[in-house]
Amino acid sequence: MDTAQEFETHRPRLFSLAYRMLGSAAEAEDAVQDAYLRWHGIEPGQVAAPGPWLAKVVTNLCLNRLTSARAQREEYAGPWLPEPVGTGAGALGPMETAEQRDAVSFAVLTMMERLSPPERACVVLRDAFEYSHRDIAGVLDCSEANARQLYRRAKQHLADGRPRFTSSREQDGELLARFLAAAAEGAMTQLEQLLSDQVVVWSDGGGKVSAALRPVVGRDNAARFLVGLFSRWVNGAQIGFAEANGVPAVVSWEDGELTAFGALELGEDGVTGIRLVRNPDKLAFLATQLRELSQNA
């Protein structure tokens with residue numbers, strides 16, 4: 001097996017690692033490509049264990065990107081949300097358990113923004129790739145005790161903000177269908193019945209398309225916002241479903257272009273969060289995935 005073929009066997013795992021670190025499919029692809037250039041520049045046989053070596057390279061590339069990305073995201077127009085990635089075909093690994101789906105959910109990826117880059121690396125390597133604390137210390141060039149402390153602190157930050165309710169795929173799919181029907185029909189009463197009192201709607205337009213510049217909070221405000229939004233979508237738009245980030249989601253196509261993505265978060269008293277991505281740059285990767293699925297169907 002030549003060096004290019006060897007790298008391709010690791011590419012899916014490296015992309016999954018980079019995406020979890022960065023929350024951006026485009027940046028993850030760039031990081032993996034940069035890792036390939038480094039891999040291509042070494043002498044054959046110089047690396048005894050390609051998998052761990054490449055994982056360390058990608059992790060460090062992501063750490064560098066996170067440092068610069070944090071400043072950019074502070075100046076982002078409106079709420080920042082991760083890029084959606086289709087997970088039905090295994091792009092981010094198995095999605096068989098609630099824990100696996102939760103790890104790539106919009107809620108968790110958004111909360112990961114609160115962590116320092118090393119903390120984020122610890123959580124991803126430990127939880128998603130089952131690295132030992134000793135191996136994580138080797139990747140981050142720190143002591144094992146420091147790696148343990150980083151991981152413990154990061155998990156506490158995530159636990160403080162993570163919802164306590166876990167839903168099944170069936171519950172998510174059923175709720176999404178009811179939600180979409182109520183919003184599309186402008187049925188305010190039915191829509192409000194699905195929403196939690198303290199529901200929050202985040203809308204990411206990135207300053208490139210119209211979107212709410214602040215989160216929309218509360219049942220009444222959210223229902224009005226969503227009905228108004230869907231009343232514009234249904235004219236000339238094709239609404240459908242897709243699995244992304246481990247959950248069923250709604251997508252909107254106009255003239256062959258993916259124009260919107262929406263994912264729900266479910267709590268004990270109804271929908272607690274709605275995350276809408278409308279920034280066209282953040283929809284490009286998912287659009288390519290969905291077109292490939294359609295062609296191969």
Side-chain angles (χ1 to χ4, degrees), residues 6-7 9-24 27-28 30-32 34-39 41-42 45-74 80 82 85 92-164 166 245-246:
E6 172 74 26
F7 184 87
T9 65
H10 298 281
R11 183 181 288 274
R13 182 177 175 88
L14 296 176
F15 173 80
S16 179
L17 167 60
Y19 175 73
R20 285 172 163 85
M21 285 282 294
L22 300 170
S24 166
E27 291 182 12
D30 288 345
V32 172
D34 288 346
Y36 172 74
L37 295 176
R38 297 193 181 191
W39 169 256
I42 64 172
Q46 186 176 343
V47 175
W53 186 88
L54 286 168
K56 181 172 183 175
V57 169
V58 167
T59 300
N60 284 313
L61 287 168
C62 290
L63 289 172
N64 292 335
R65 287 174 179 270
L66 281 171
T67 302
S68 60
R70 180 150 299 184
Q72 295 173 1
R73 289 172 188 176
E74 288 176 355
W80 179 92
V85 170
L92 297 178
M95 293 288 135
E96 298 167 359
T97 67
E99 291 75 16
Q100 289 169 334
R101 297 191 296 273
D102 184 58
V104 294
S105 69
F106 266 38
V108 169
L109 290 175
T110 304
M111 284 191 293
M112 294 270 275
E113 291 293 300
R114 305 176 184 178
L115 307 181
S116 69
E119 287 174 343
R120 190 161 183 161
C122 283
V123 169
V124 171
L125 291 171
R126 179 72 173 168
D127 291 354
F129 297 93
E130 299 181 342
Y131 272 48
S132 67
H133 291 296
R134 180 178 181 180
D135 290 338
I136 293 172
V139 172
L140 298 181
D141 293 324
C142 66
S143 68
E144 184 174 346
N146 191 21
R148 288 181 180 275
Q149 184 180 30
L150 285 168
Y151 177 76
R152 185 166 54 249
R153 189 166 61 213
K155 292 295 284 185
Q156 184 59 55
H157 286 320
L158 293 177
D160 289 343
R162 183 171 298 189
R164 300 291 188 263
T166 302
N245 293 77

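Computed from heavy atoms alone, side chains included, the values below leave out hydrogens, waters and symmetry copies. Quick caveat, the model's predicted, so the values are computed rather than measured.
Phe7 places a side-chain heavy atom less than 4.5 Å from the side chain of Val32. Using a 4.5 Å heavy-atom cutoff, the side chains of Phe129 and Leu17 are in contact. A 4.5 Å side-chain heavy-atom check between Cys122 and Leu140 finds at least one atom pair inside the cut-off. You'll find the side chain of Met95 reaches within 4.5 Å of the side chain of Val104, heavy atoms only. Side-chain contact between Val108 and Met111: present, with at least one pair of heavy atoms (C-beta onward) separated by less than 4.5 Å. Contact annotation: the side chain of Leu109 approaches that of Tyr19 to within less than 4.5 Å [non-hydrogen atoms, C-beta and beyond].
We find the CG-OH distance between Leu125 and Tyr151 to be 11.0 Å, quoted to the nearest 0.5 Å. Here the CZ atom belonging to Arg65 is positioned 13.0 Å from the CG atom belonging to Asn60, to the nearest 0.5 angstrom. If you take CD on Gln100 and CG on Asp127, they are separated by 11.5 Å, rounding to the nearest 0.5 Å. Atom NZ of residue Lys155 and atom CG of residue Leu158 lie 6.5 Å apart, to the nearest 0.5 angstrom. Interatomic distance, Arg120 CZ to Met21 CE, rounded to the nearest 0.5 Å: 7.0 Å. Between Gln149 atom CD and Ser143 atom OG the span is 8.5 Å, to the nearest 0.5 Å.
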Run the side chain to side chain contact (heavy atoms under 4.5 Å, CB included) check on Leu61 and Arg38 step by step: do they pass? CA-CA 11 Å; Leu61 287 168; Arg38 297 193 181 191; 3.5 Å; yes

List the steps and the verdict of side chain to side chain contact (heavy atoms under 4.5 Å, CB included) for Glu6 and Trp39.
CA-CA 10 Å; Glu6 172 74 26; Trp39 169 256; 3.4 Å; yes

Could you give me the CA-CA distance, side-chain angles and deciding distance for Arg11 and Leu14, then say whether side chain to side chain contact (heavy atoms under 4.5 Å, CB included) is met?
CA-CA 5 Å; Arg11 183 181 288 274; Leu14 296 176; 5.6 Å; no

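Residues His157 and Glu119 come closest through the heavy atom pair CD2-OE1, 4.0 Å. Closest of all the heavy-atom pairs between Pro82 and Phe106 is O-CZ, 3.4 Å. Looking at every heavy atom in both residues, Pro118 comes nearest to Leu63 through N-CD2, 3.8 Å. Closest approach of Ile136 and Ala147 over heavy atoms only: CG2-CB, 4.2 Å. Residues Cys62 and Ala31 approach most closely at SG-CB, 4.3 Å, considering heavy atoms.
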Donor-acceptor contacts, no H, no angles, side chain residues 45-58, under 3.5 Å, sequence neighbours left out:
residue: Gln46; atom: OE1; partner: Glu43; partner atom: N; Å: 3.1
residue: Lys56; atom: NZ; partner: Gly138; partner atom: O; Å: 3.0
residue: Lys56; atom: NZ; partner: Asp141; partner atom: OD1; Å: 3.1

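Looking at Arg152, Arg153, Arg148 one by one, the single match for side chain to side chain contact (heavy atoms under 4.5 Å, CB included) with Leu150 turns out to be Arg153.
Residues Ser105 and Arg101 bring no donor and acceptor atom of their side chains to less than 3.5 Å of each other.
A donor-acceptor pair is defined here as one N or O able to donate and one able to accept, closer than 3.5 Å; no such pair exists between the side chain of Arg20 and the backbone of Val123.
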